[in-house]
Asks: 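Quick one: the structure is below, and I'll ask about it shortly.
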Amino acid sequence: MSTTTIDRLRDTELSYRATLAGGALSVFLLIALLGLAFPSSIWGNFLAILTSRSTLSSALRLSVPITFAALGGIFSEKAGVVNIGLEGLLIISAFTAVITTAVVGPEMTVVGLPAIWIGFFAGILSSVLFSALFAVVCIRFKADQIIAGLAVWLIALGLAPFAATVYYGGVNTDNLGTTLGTWTIPVLSDIPFFGAFFDADPAVYMMLVAVPASWYVLNRTAFGRHVRASGENPKALDTVGVDVSRVRYAGVLLSGFLAGVGGSALSLGLGQFVGNNQTMVNGKGFIAIVAYLFGNYNPIGAFGASFLFAGLEAAQIRLQQVPGYAIPDSLIQTIPYVTVLVVLALVGRTRIPEAAGEHYDTGDDNR
Amino acid sequence: MSAAENAKAVLRRLTAASATERILISFAALIMAVLVGAVIILVSGRITTCQTAATTLFGTGFCYDPVEVYLVLFNGALGEPFLVNSPGILKPLNPNWNPLNFGFALTLKETTLLIFTGLSVAVSFRAGLFNIGTQGQLILGGLATALFSFFVAPLLPSGLVGGLILIPLAIVVGALVGGLYGAIPGALKAYADANEVITTIMLNFIAAQIAFVLVSEFYGNPDSQVVETTPIPDWATLLPVAFPQGGDFSILALAFGLALVVAVWFLLEQTSFGYDLRTSGEQPEAAEYGGVDAKRTTVTSMFLSGALGGMGGAIWVLMVMGKWQAGVPALGFDGITVSILAGNNPFGVVPAALLFGTLKSGSLAVQFGTGVPKQLVGVLRGLIILFVAMPEFFRMLGSTIDLEPDRETVATDGGRLGGDDE
Amino acid sequence: MSTAVHLDEITKRFSGVVANDDVDLTVERGTVHALLGENGAGKTTLMNILYGLYEPTEGTVHVDGEPRDFDSPADAIDAGIGMIHQHFMLVDPMTVAENIVLGNEPRKWFGTTVDRERARQEVIDLSNRYGFDVNPDDAIEDVSVGVQQRVEILKALYRGADILILDEPTAVLTPQEVEELFRVFEELTAQGKTIIFISHKLGEAMHAADDITVLRNGKNVGTVKADETSNEELAELMVGREVLLEPKAEPQEPGDEVLAVQHLSAEDNRGIPAVSDVSFDIREGEVFGIAGVDGNGQSQLVEAITGLRTPTEGSISYKGGDITDASRRSRIADGMAYIPEDRHERGLVMDFDLVQNGILGSQHSPTFAADGRINWSDARDHAERIIDEYDVRPPHADADAESFSGGNQQKFIVGREFEREPDLVVATHPTRGVDIGAMEFIHERLLDLRAEGKAVLLISSKLDEVQGLSDRLGVMHDGELMDIVDPRNTTEEEIGLLMAGERPNAAETDAEPPVGDAK
Amino acid sequence: MDRRSFVKAAGVAGIAGLAGCTGGPSEGSQETTATTTEESGGEETTTAEQTTEESGPAANVGMVYALGGLGDKSFNDAAKRGIEQAESELGIAYDEAQPSAAEEFPQFQRRFAQSSNPDYDLVSCIGYAQKSALSETAPSFSDQKFMIVDDVVDEDNVASYLFREEQGSFQVGYLAGLITTQEFSAGSGSTTADSKSVGFVGGTETELIRKFQAGYEAGVAHADEEISVDVAYVGSFSDSAKGKEIATSMYDNGADVVYHAAGGSGLGVFQAAKEQGKFAIGVDSDQSQTEPNYADVILASMVKRVESAVYTSVENVVNDEFNGGSTTTLGLEEDGVAAVYGAELGSEIPQDVKDSLSESREAIIAGDIEIPTTTE
């Protein structure tokens with residue numbers, strides 16, 4: 001194939017990232033410029049909000065559940081199983097984490113582990129169990145992945161408030177009175193602005209580790225390559241003697257694990273599970289799907305997208321408090337969604353793994 | 001086609017879901033969900049505490065009795081057809097049962113609304129478009145209906161004549177707005193190749209916020225602290241006729257919904273447009289080959305789907321609320337489950353909507369009558385969908401019971417298995 | 001010489017359908033063994049059994065004299081067997097090296113991490129050893145089909161394969177690439193490897209193999225030495241009767257121009273130029289053939305003509321009017337029939353029954369849908385007529401398209417398109433996957449259409465087919481129409497050179513490998 | 001007897017039950033049959049069962065809570081306290097319903113109104129969101145007594161209860177204003193004199209919550225015109241995560257005290273206060289008691305005695321003094337609203353601050369201070 005075609009392919013890839021990164025940067029620069037030129041105007045407020053350490057730390061905190069769910073979604077979908085049930089995994093782990101901590105007793109420690117961390121791991125376990133159910137249904141029983149994913153969401157959406165009502169008499173759990181807390185790294189946390197990275201929830205640190213680690217696993221380990229091959233061309237993997245089902249199970253379970261971390265962190269960061277309406281997860285699982293599609297299945301891109309949404313939310317919360325600012329809160333809340341729409345309309349498609357959503361079987365019926 | 005794929009095709013031929021099988025699978029899914037639900041009820045009956053056991057199994061007392069729960073659910077949804085208090089599992093019929101009761105009206109109300117949203121989702125699914133956006137289309141369609149009725153009502157004579165003019169117009173307005181809002185992701189899909197799953201999810205959020213702002217800032221009811229529009233005069237709404245106890249159910253709306261079922265079926269199965277739509281949904285490449293304008297069909301189907309969703313919103317406003325109010329129930333999402341259970345078949349939507357309508361209206365009675373949280377029904381709904389998604393599971397169950405007959409003669413090509421491996 | 005593979009009385013049934021019936025096969029070490037047979041003779045199934053993808057219903061596999069029971073390809077790989085499938089089992093976005101080591105990645109750092117440097121070096125060493133020319137860092141989706149095939153062979157060798165199975169290895173190659181492949185065969189056998197390749201082409205089996213085993217209807221009908229047999233003997237073994245190998249078109253005076261393509265250029269789905277500056281015309285009563293290796297722009301050219309792709313440049317006129325921008329629908333309405341190359345994707349809606357498939361393309365025509373409402377009873381009559389006339393088996397109009405075999409699906413499509421009473425038939429690979437009888441029937445019907453004064457555009461990768469049926473033959477290479485020749489006065493070799501991108505009158509040869517459309 | 005009051009899923013009992021792995025019935029199961037036969041599903045009934053009501057409770061009350069449900073530790077839980085008090089003191093029985101969507105209000109109201117087993121003597125509708133539903137339900141069941149909290153339904157069979165939230169909010173605003181202008185440290189929180197900033201977090205931006213905001217702002221200004229008030233709305237009464245984010249940003253912004261009128265979302269405000277070492281003011285209930293984990297940051301609570309409204313209305317029904325058609329407005333004077341100091345921090349609040357608050361309370365009751373009821 002001629003070199004020009006290769007260049008062109010690379011160009012499309014590059015232009016996608018360049019559009020995103022360049023767009024974000026130029027918007028920021030525009031605001032900075034306007035903010036510096038008219039410090040007392042709304043742009044000045046904008047700039048102050050965007051450069052405030054509290055916005056950064058808030059954005060990091062808010063991006064935790066989205067990022068973890070998105071990382072989970074990447075592993076599952078890269079392995080060929082579209083996991084639309086991420087929302088359900090977040091819900092079930094958020095609930096289990098809190099109820100387990102409550103049952104153990106928030107003040108208790110078991111073999112040196114504080115109850116809240118037992119809850120944290122229990123939340124992860126519940127999400128892994130749910131994803132195992134999902135995996136069996138999709139892989140063993142060849143269910144339609146989208147429908148099965150919706151089912152996982154619906155079951156979790158019903159089960160968590162149901163169990164909360166059975167146990168507490170209402171859809172919300174009681175407040176544990178304790179949270180995961182904050183880990184502060186001395187000295188580093190004193191750095192202006194970026195100090196927010198070193199004075200954060202434990203889950204934020206986990207996220208900052210999980211993102212590069214996921215990238216590494218996906219791109220530098222044999223397992224990661226098998227995952228990618230299983231989603232692109234499972235037959236290629238099968239014919240070299242790697243068990244496609246096993247890789248897919250692993251991918252889905254891993255997605256359950258990661259989403260579980262996000263869900264546990266979400267509820268334990270607050271010390272309570274809120275089960276009203278769409279529960280406290282409130283669409284974060286779906287936003288996570290958008291985030292990884294947006295990030296083109298790259299863990300770092302997915303984190304970038306999650307961080308963008310969380311950042312917009314954090315900025316929105318602060319913008320709301322600017323006095324005399326007339327735009328209704330609800331309209332500002334639509335900004336992240338509108339952004340996604342506009343970018344999708346401009347940049348268009350993302351490349352979905354070739355075999356995602358398809359069942360794989362060797363075609364032999366008497367095996 | 002490789003031999004492996006060919007073998008798969010043979011397999012599929014043997015197990016392809018016929019209409020009968022679909023119905024069987026739906027029933028089996030329902031039964032499985034009910035059984036799993038019963039286990040959940042028992043388990044939660046051990047977690048909660050009570051002074052006296054509701055039932056005793058295997059020497060263990062449980063606070064909730066699954067049989068009672070399902071009976072109460074059914075009774076609540078239909079308005080006490082059975083005498084629950086009598087002993088034994090089979091309860092005698094209630095001689096005083098009147099089908100035109102409040103509970104049944106609630107069930108039919110839910111059913112009616114779910115028919116609209118179920119149809120909306122079914123149309124888009126048949127066109128191969130995963131429209132998650134019925135909720136947003138419903139919200140905006142309903143709002144348009146409420147505002148239109150409110151502003152136009154003063155210009156018309158009040159009473160039956162005005163209603164006859166206004167109600168159809170208001171529904172059309174709702175359909176139009178819902179349709180246009182549905183056409184947005186359609187156009188984004190057709191012309192910008194944007195994934196409709198993402199865009200419709202985003203548009204749902206946006207619709208809810210826009211509607212909220214419009215009502216809270218501009219068109220709110222000044223007499224109310226709730227974010228809602230000023231109520232439409234009664235003559236311009238769909239009032240209950242046959243059900244004296246109320247329940248916000250209008251038989252007219254149900255009749256309209258059933259008529260739409262037939263209309264949608266006719267459109268899908270009997271017309272050229274329906275053929276285009278279904279072909280696009282089954283196999284876009286083949287549709288293009290067959291002269292279907294894929295982009296236009298995508299936009300049109302999404303418009304149609306959105307219009308049905310918008311009508312759902314209109315009916316919600318005209319039949320249930322008499323106004324638009326923030327916190328619109330998740331009828332659009334329920335429509336997805338209805339459509340899935342119905343196998344995206346317009347006629348299937350009716351029983352599926354009735355089932356979910358029964359569950360939903362019965363859920364209130366369950367919480368009321370037995371103390372089991374009404375979210376149980378949400379779990380049941382998820383379980384039904386889960387089991388519907390895995391026909392393989394039931395085929396496997398079935399094949400262990402029913403030995404397959406000898407299929408030596410199934411080959412269609414003189415026993416020649418070859419595909420086109422050239 | 002020792003025996004590398006011995007298959008002993010292999011029988012394989014799929015849900016009752018017999019794919020292999022009591023097959024014996026012996027392959028000697030260090031030889032090239034061709035497995036010859038018609039489509040659907042059971043060749044691929046047999047090889048999938050040897051490779052552990054399928055378990056035989058009855059019979060035993062022996063490798064190096066030992067009976068083996070393969071549960072999966074992994075077992076076969078362990079026994080030194082490698083298989084190169086007809087559709088390459090490669091992961092498109094990954095690089096050549098990543099694909100070759102897939103599943104056997106060299107590790108470092110306590111097995112946590114793929115040692116990419118070592119993987120790369122091993123691939124380079126391996127390809128040098130067998131004289132392969134591949135760049136380990138290219139992504140698979142960026143390299144030509146020939147290179148992809150070499151990657152597949154390297155993949156097997158990397159796993160220590162001594163026995164290589166190739167399924168239809170020449171189907172997607174130019175004649176020159178085929179020669180190169182056979183040279184690789186020699187190199188491999190010289191180093192002690194054993195090669196089994198599947199083919200349905202007599203010529204290449206005769207040319208490249210030491211031994212030839214012919215399968216028919218799942219049975220072994222004979223193994224012969226290549227240098228002790230003849231084309232005629234093999235053909236008879238394959239088909240079971242004497243066949244007319246080449247269709248013949250009697251010369252006939254063409255009429256008015258039906259289709260004229262002028263300076264047409266088009267891109268493929270990824271926006272890469274696929275057709276450049278192609279011009280030709282077709283007249284009434286004429287078959288215009290296009291020969292060329294698959295993926296040299298034929299698909300895009302046909303799509304532009306039939307209205308499935310917007311050309312970037314140039315014009316198309318049809319029956320005297322410009323249709324460059326006309327919709328697909330209007331072209332169908334205007335009497336343009338089209339047998340698409342991929343019947344599963346385009347030609348049929350697999351989940352529709354034949355009644356519904358019978359009106360695909362006619363769903364808006366007054367014949368079946370006068371007022372927007374489809375007349376299903378007419379549609380049913382129509383489908384039953386096609387089933388009857390084109391011998392579609394079983395004759396069930398209510399069965400879903402996917403329940404029919406490939407050959408019968410094709411017959412149905414051909415029937416549907418011919419029954420449109422078209423002015424122009426665009427036929428791409430019309431006989432792909434059909435049996436000999438149906439092939440003859442389709443060829444006859446094409447010639448009948450020609451005799452009726454219709455215009456036919458015939459695209460096929462079977463050179464004998466286009467050569468035998470066409471009045472004029474265009475040869476495509478890398479998106480260009482290299483030349484238009486008289487098929488009756490041109491040799492297969494001359495056409496082969498054109499297909500490879502070499503103009504006979506051009507002095508220097510084009511060193512660039514042909515552009516494959518990657519798919 | 002009431003049908004299922006034995007199904008009590010109270011948190012403490014539940015935890016004890018599960019921790020010991022022995023939930024379920026606490027008595028022997030021999031009585032099972034007897035009990036189940038008395039559980040009627042709903043409306044229709046047979047004469048045999050009605051006889052059991054002879055020795056029944058003083059009254060039957062149906063509770064329809066506001067969205068957000070029980071466990072919000074403020075509004076709904078306050079109503080629940082009222083009915084529990086009535087249960088133990090007046091010997092009434094009650095059933096409760098927690099709607100999860102606005103459209104369920106009329107359904108629950110109707111179910112209670114229609115029921116004849118038991119025949120509910122009063123249906124309590126908690127929250128303004130039930131107004132429009134009740135406006136339709138009440139006329140259709142003219143024999144049924146209703147009460148509504150936080151809005152007025154002008155029907156003869158509805159007793160309406162309103163609160164002067166702006167008065168109580170003024171008081172806590174005044175308190176916040178006084179605290180932020182001085183050096184103060186107590187419990188886990190502290191303020192300095194140099195920053196003069198406080199915050200207000202609302203649930204949804206409605207007329208009622210604006211009333212809280214207006215009173216609060218007026219109270220703050222009463223302390224010092226210079227003090228800035230950050231205002232933000234969560235958009236929900238049950239999103240404590242967002243409540244926490246908002247309050248955190250306010251504290252980051254320099255606010256010393258944040259007052260919330262955001263129901264369940266307010267929990268996040270307390271958490272933020274605790275993490276940031278600042279103060280918060282609770283609402284509806286004395287939240288230093290309902291949320292003891294945060295008693296060390298809760299300066300005070302603007303209590304709105306929903307419980308007394310509920311209790312009073314039940315009492316009226318029991319005593320045959322149902323005040324249908326009338327509206328009872330409860331302000332500082334009636335002790336319907338009040339600023340209540342935190343259980344843990346109250347003792348540390350300087351006496352001069354307390355004195356100022358007592359003075360302003362008197363002035364408000366006397367009508368000397370005009371408090372706006374809306375922010376515009």
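Below, chains carry the letters A, B, ... as their sequence lines are ordered, and counting in each starts from 1. Since the model is a prediction, treat every value here as computed from it, not as a measurement.
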Asks: Okay, side chain of C:T45, backbone of C:A19: is any donor-acceptor separation there less than 3.5 Å?
Replies: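 Flag not set: sc C:T45 to bb C:A19 has no pair under 3.5 Å.
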Asks: Between C:N357, C:V349, C:I198, who has the most heavy-atom pairs with chain B when the cutoff is under 4.5 Å?
Replies: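 Most pairs with chain B among the choices: C:V349.
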Asks: Would you mind checking which part of C:F352 comes under 4.5 Å of any heavy atom in chain B, side chain (CB onward), backbone (N, CA, C, O), both or neither?
Replies: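 Interface part for C:F352: side chain.
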Asks: Can you pull the side-chain hydrogen bond (donor to acceptor under 3.5 Å, both in side chains) pairs that have at least one residue in residues 291-308 of chain B, sequence neighbours excluded?
Replies: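 Counting only pairs at least two positions apart or across chains, the side-chain hydrogen bond (donor to acceptor under 3.5 Å, both in side chains) contacts touching residues 291-308 of chain B are B:S120-B:S305, B:N131-B:S305.
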Asks: Is chain B contacted by the side chain of C:Q356, its backbone, both, or neither, given a heavy-atom distance below 4.5 Å?
Replies: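 Both parts, heavy atoms under 4.5 Å.
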Asks: Looking only at heavy atoms, which two atoms of B:Q283 and C:R346 are closest? And how far apart?
Replies: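 Closest approach of B:Q283 to C:R346: NE2-N, 4.3 Å.
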Asks: Under 6.0 Å between ring centres, would you say that holds for B:F125 and B:F130?
Replies: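 Distance test on ring centres: under 6.0 Å, yes.
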Asks: If I measure from the heavy atoms of chain B, does C:D371 come under 4.5 Å with its side chain, its backbone, both, or neither?
Replies: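 No part of C:D371 comes within 4.5 Å of chain B.
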Asks: Given that the side chain runs from C-beta out, which part of C:R309 has a heavy atom under 4.5 Å from chain B: side chain, backbone, both or neither?
Replies: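 Contact with chain B is absent: no heavy atom of C:R309 under 4.5 Å.
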Asks: Mind ranking C:P340, C:A333, C:A369 by heavy-atom pairs under 4.5 Å with chain B and telling me who comes out on top?
Replies: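 Of C:P340, C:A333, C:A369, C:P340 has the most heavy-atom pairs under 4.5 Å with chain B.
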Asks: Can you name the nearest heavy-atom pair linking B:R126 to B:R278, along with the distance?
Replies: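 Reported closest heavy-atom pair: NH2-CD, 3.3 Å.
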Asks: Are C:Y338 and B:Y289 an aromatic pair by the rule of ring centers under 6.0 Å?
Replies: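 Under 6.0 Å, so yes.
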Asks: With a 4.5 angstrom heavy-atom cut-off, could you sort out which part of C:I332 is near chain B: side chain, backbone, both or neither?
Replies: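 C:I332 touches chain B through side-chain heavy atoms alone.
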Asks: Can you sort out the partners of B:P284 under side chain to side chain contact (heavy atoms under 4.5 Å, CB included), two or more places apart, ordered by chain and number?
Replies: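 Partners of B:P284 by the side chain to side chain contact (heavy atoms under 4.5 Å, CB included) criterion come out as none, since no residue qualifies.
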Asks: Is C:L348 close to chain B through its backbone or its side chain, or both, or neither, when contacts mean heavy atoms under 4.5 Å?
Replies: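 For C:L348, the backbone is the part near chain B, not the side chain.
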Asks: I'd like to verify something: which residue of C:R329, C:H396, C:H364 has the highest number of heavy-atom pairs under 4.5 Å with chain B?
Replies: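 Among C:R329, C:H396, C:H364, the one with the most close pairs to chain B is C:H364.
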Asks: Among C:G372, C:G361, C:A399, who wins on heavy-atom pairs under 4.5 Å with chain B?
Replies: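 Among the listed options, the one with the most contacts to chain B is C:G372.
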